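Please read these numbers as outputs of a predicted model, since none were measured by experiment.
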Amino acid sequence: MKDLRRLNVEDFAKIIHIAEPKISPDGRSVAYVAVKPNLKENSYRYEIHVMNVEDKELTHTIYSDSKDYSPRWSPNGGELAFLSRRGFKENEKGNSIYYTTFSGEPILIAKRKEGFRNLEFLNERQLIALSKVPVRNIDEDYVDIEDLPIWYDGAGFTEQYRMELFLIDLASREYIQLTAPPRNIVSAAPSHTGRKVAYISIPNGREPFRREVRVIDVTDGEELEIVEAKYNFIDVAWSEDDTHLILKGNDRHRGGATHHQIWIVKVEEKAEPINLTGKFGLNTMPAISFDTRGPYRANPKIQCRRGEIYFLVNNAGRSNLYKVNFKGEIKPVTEGDHVIYYYSLARDEEIAILKTDPKHLPEIYVFRRGRIEQLTNLNECFHSKIKLSKQKHFKVKVSDGVEVDAWYLEPLNLKGKEKYPAILFIHGGPKSSYGYTLNFMHQLFAANNYYVLFANPRGSDGYSEEFADIRGSYGERDYKDLMEILDEFLKLNPQVDCDRIGVTGISYGGFMTNWIITQTDRFKAAVSENGIADWIADFWASDIGYHFDPDQIGGTPIENMENYVKQSPIYYVKKVKTPLLLIHSMNDYRCFIDQSTALHVMLRLLGKESRLIVFLKGSHGHSTLEKPRHRKKRYKIILDYFNQKLKKSK
């Protein structure tokens with residue numbers, strides 16, 4: 001075996017990202033999306049692969065010069081529908097629906113400038129999908145805004161549109177709109193009879209977590225309200241006999257810290273849903289942060305088989321598949337120190353899953369006969385050349401008696417008694433987490449001879465709702481947890497140079513980076529990315545500020561100015577001694593760019609060291625969603641900055 005080399009910045013573009021593995025109804029084939037970055041052309045190539053489960057051979061590849069994605073098997077498993085950007089220019093909006101029998105070229109079924117999403121087969125002859133519908137005339141020179149939200153991150157101005165349900169006929173290639181504004185649908189699911197569609201919608205954008213559940217009969221247009229708008233449901237499916245709806249969501253009893261649970265409700269007017277997993281104590285919608293997931297994101301739908309509902313659970317950084325029956329009896333399907341973040345069920349025993357762990361990039365596996373079998377090996381070339389640092393786990397019993405999970409990587413070329421710098425990484429959220437995944441950024445710093453520390457402080461997902469609930473106290477217990485974790489980490493690793501420790505994070509991690517440098521000078525350099533400095537400004541500008549901030553900070557700035565000031569790093573800026581690099585993307589509507597410009601302006605006016613880099617493109621998730629050159633430059637900027645501030649000059 002030839003020698004493995006250390007990771008470099010450009011290696012991220014050698015990773016093939018895999019998404020949406022859809023197993024055929026008979027369990028014999030898996031269709032999935034493979035996304036291949038191209039640094040030279042500054043683009044991604046999206047392909048749909050179809051693989052035979054038994055012999056693991058690739059049987060079909062669907063690709064074009066544009067983006068092909070979101071594959072969906074027909075009920076009989078003989079055909080495939082998918083979404084595509086074929087025929088659209090790079091900056092042109094919209095997409096199309098294509099259909100293939102795997103004989104000849106795919107057939108164009110429907111094309112729409114507003115685009116389709118959430119594509120599903122209703123029956124062998126018809127599809128359903130969601131698409132944006134304008135609620136009033138659109139003018140190219142201005143935006144007419146009457147309500148909330150004004151805009152949405154990654155989508156731009158949205159108040160003029162509502163997401164509605166469409167029915168698409170395969171034979172005639174015609175589509176019709178089934179629902180009308182102001183429904184604003186977030187999820188839809190076809191019944192097994194192929195006649196009805198259940199959907200979840202937001203009647204009032206000012207209260208986006210109060211959602212109604214309805215059923216529409218596509219044959220006569222008759223609608224039935226099943227659950228009135230008082231729950232925060234995010235996904236819907238049907239029981240196998242079509243007598244019940246299965247729902248994922250919560251009742252917001254603990255605001256944004258409330259876990260998503262699995263519910264069932266009878267298909268009858270104004271029924272009351274039953275929570276099947278409420279006593280389980282963990283979140284059924286795992287939020288685990290890792291940058292090797294790639295630029296194309298898809299979340300699995302709730303699925304039911306033989307009276308059991310399947311769902312994912314985050315347990316202390318591990319994500320595994322579970323199932324619950326209609327009596328509320330919960331059983332694990334898979335176990336292990338890994339992260340499963342997508343799955344799909346065949347009619348019988350087979351389950352396709354997308355899985356990663358600290359040693360392996362994401363690949364597709366098939367769970368059958370009680371064991372997990374690897375199906376794809378698209379990143380074998382990467383692993384055959386790159387040496388990775390081993391991820392090590394430790395627990396810290398912090399000062400209030402709670403145990404907190406943490407992990408670290410050692411420098412790749414750790415030697416003798418030499419001292420090394422370290423970086424503390426802080427995840428976003430706050431209700432996200434780190435765990436048993438392979439993070440490119442973490443490994444990049446380890447390859448450059450840094451210790452890398454990351455953890456799940458209070459506020460993180462993967463634990464109880466109480467653990468996740470830091471509402472009204474940002475920068476308090478979460479800050480103490482991180483500092484005490486760092487103290488324990490230094491005891492475990494005496495080769496860390498305490499005079500050369502940096503801190504960085506994005507989103508909530510950016511907020512915590514901003515907060516930390518106003519509370520302590522123990523860090524010698526900091527990189528804050530797309531974070532929050534001023535909660536008051538965030539309330540007015542963020543796409544979710546008008547409902548997120550009152551829940552997390554408490555009331556509005558008009559009602560509770562004291563708390564908004566108390567939890568905003570900008571008002572402690574005089575205490576900052578740490579050199580700071582601020583990175584922000586221009587089109588971030590989640591944490592608006594004024595957050596970083598405010599901090600930079602005040603630091604410079606006070607004569608303190610601050611540098612601001614603004615990426616002229618990119619939404620809040622620019623670190624993983626933007627084009628390859630953008631991502632490469634970001635990796636290099638952060639690495640170069642810490643090298644400049646923390647590496648000893650030769």
Side-chain angles (χ1 to χ4, degrees), residues 256-257 287-289 291 396 398 404-408 422-434 439 441-442 452-463 467-487 489 501-535 537-538 542 548-549 552-553 563-573 575-584 588 590-591 595-596 598-600 603 610 620 623 638 642:
I288 299 178
S289 176
D291 58 1
V396 181
V398 293
V404 180
D405 285 295
W407 297 263
Y408 68 91
I423 307 290
L424 169 62
F425 282 84
I426 307 171
H427 64 65
K431 200 179 177 186
S432 181
S433 63
Y434 284 128
N439 269 290
M441 177 75 97
H442 295 174
V452 174
L453 172 64
F454 47 103
N456 290 340
R458 235 65 63 91
S460 299
D461 187 32
Y463 309 91
F467 189 98
D469 196 351
I470 57 170
R471 294 175 301 158
S473 57
Y474 274 52
E476 295 178 17
R477 189 64 250 182
D478 47 352
Y479 169 71
K480 290 179 182 178
D481 284 355
L482 287 169
M483 295 305 99
E484 291 171 24
I485 289 164
L486 178 58
D487 291 339
F489 164 73
I501 301 176
V503 60
T504 185
I506 188 168
S507 190
Y508 164 78
F511 160 79
M512 277 306 302
T513 300
N514 296 338
W515 181 262
I516 284 169
I517 63 173
T518 68
Q519 306 300 308
T520 179
D521 61 358
R522 72 187 298 182
F523 296 94
K524 303 308 174 187
V527 176
S528 171
E529 190 171 6
N530 289 58
I532 288 173
D534 184 353
W535 285 107
D538 185 75
S542 169
F548 181 85
D549 295 4
Q552 297 292 303
I553 306 303
N563 224 32
Y564 275 76
V565 171
K566 177 185 174 184
Q567 295 178 61
S568 295
I570 191 72
Y571 300 105
Y572 305 88
V573 71
K575 299 179 181 179
V576 174
K577 296 180 181 179
T578 306
L580 176 65
L581 169 62
L582 292 149
I583 298 175
H584 223 104
D588 182 357
R590 182 61 41 84
C591 298
Q595 297 295 323
S596 287
L599 198 53
H600 177 72
L603 286 169
S610 176
H620 189 60
S623 61
I638 296 172
F642 278 127

Would you call [X] and [Y] a side-chain contact if the rule is heavy atoms closer than 4.5 Å?
{"X": "R458", "Y": "V398", "answer": "yes"}
{"X": "F523", "Y": "L424", "answer": "yes"}
{"X": "N439", "Y": "V452", "answer": "no"}
{"X": "D538", "Y": "F511", "answer": "no"}
{"X": "L486", "Y": "R522", "answer": "yes"}

How long is the gap from [atom1] on [X] to [atom2] on [Y], to the nearest 0.5 Å?
{"X": "I638", "Y": "I506", "atom1": "CD1", "atom2": "CD1", "value": "7.5 Å"}
{"X": "I532", "Y": "D549", "atom1": "CD1", "atom2": "CG", "value": "6.5 Å"}
{"X": "L482", "Y": "N456", "atom1": "CG", "atom2": "CG", "value": "10.0 Å"}
{"X": "I426", "Y": "Y434", "atom1": "CD1", "atom2": "OH", "value": "8.0 Å"}
{"X": "D521", "Y": "K575", "atom1": "CG", "atom2": "NZ", "value": "12.0 Å"}

Angle class for the F548/W535 ring planes (parallel below 30°, perpendicular above 60°, tilted otherwise)? parallel

- On the 0 to 90° scale, with breaks at 30° and 60°, tag the Y508-H427 ring pair as parallel, tilted or perpendicular. tilted

Sorted by chain and number, sequence neighbours left out, side-chain hydrogen bond (donor to acceptor under 3.5 Å, both in side chains) with H600 holds for S610

Main-chain N/O of [Y] paired with [X] side-chain donor or acceptor, under 3.5 Å:
{"X": "D461", "Y": "K431", "result": "no"}
{"X": "Q595", "Y": "D534", "result": "yes"}
{"X": "D478", "Y": "P457", "result": "no"}
{"X": "T513", "Y": "G509", "result": "yes"}

- Query: Would Q519 and Y572 count as having a side-chain donor-acceptor pair, cut-off 3.5 Å?
  - Reply: no

Paired with H442, the side-chain contact (heavy atoms from CB on, under 4.5 Å) test is passed by just one of W407, F454, Y408, namely F454

Task: SB check D588 R590 (cutoff 4.0 Å) - done: no

